[in-house]
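Since this is a predicted model, take the numbers as computed values, not measurements. Residue indices begin at 1 and follow the sequence shown.
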Amino acid sequence: MAREIASTVGLRAKPDADSEILTELSAGEAFEVLELSGLNAWGVAPRVGLVGYIAASALAAPAK
């Protein structure tokens, strides 16, 4: 499910808060959510072509 990043967030290698940050995603960027689990969203950041975890709270509300 395509979503938009609402606030700058680190794309992490693992769901743990202290996991390695692969890159920073900025507000307005696309993020393809593959799974929502607890406080995290796992998916693809198409701009950089990386898969990882972000805080689900950094996602904008779904488009209606």
Side-chain angles (χ1 to χ4, degrees):
M1 166 189 336
R3 297 280 293 272
E4 186 177 298
I5 300 293
S7 59
T8 301
V9 65
L11 180 70
R12 298 187 176 276
K14 297 179 182 178
D16 309 314
D18 61 349
S19 176
E20 171 191 5
I21 295 177
L22 303 172
T23 191
E24 290 283 327
L25 303 177
S26 300
E29 284 193 56
F31 187 74
E32 185 69 32
V33 176
L34 302 174
E35 181 178 351
L36 287 169
S37 179
L39 301 176
N40 296 302
W42 174 68
V44 180
R47 179 183 62 80
V48 292
L50 294 173
V51 175
Y53 295 86
I54 64 167
S57 61
L59 293 170
K64 293 186 179 192

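Within the 4.5 Å cutoff, the side chain of Thr8 has no heavy atoms near those of the Leu25 side chain. Looking at heavy atoms from C-beta onward, Ile54 lies in side-chain contact with Ile5 at the 4.5 angstrom threshold.
At least one donor-acceptor pair closer than 3.5 Å links the side chain of Glu32 to the backbone N or O of Met1. Looking only at distances, a side-chain donor or acceptor of Arg12 sits under 3.5 Å from a matching main-chain atom of Ala17.
Partner Trp42 forms a side-chain contact (heavy atoms from CB on, under 4.5 Å) with one of Val51, Val33, Leu36 and no other, that one being Val51.
Here the closest heavy-atom approach between residue Ala41 and residue Leu59 is recorded as CB-CD1, 3.9 Å. Pro46 approaches Phe31 most closely through the heavy-atom pair CD-CA, 4.3 Å. Of all the heavy atoms in Ala27 and Ala6, the pair that sits closest is CB-O, 3.4 Å.
Surrounding CG of Leu50 are more than 12 heavy atoms belonging to other residues, nucleotides or ligands, all under 6.0 Å away.
One finds the CD atom of Glu29 at 9.5 Å from the CG atom of Leu11 (value rounded to the nearest 0.5 Å).
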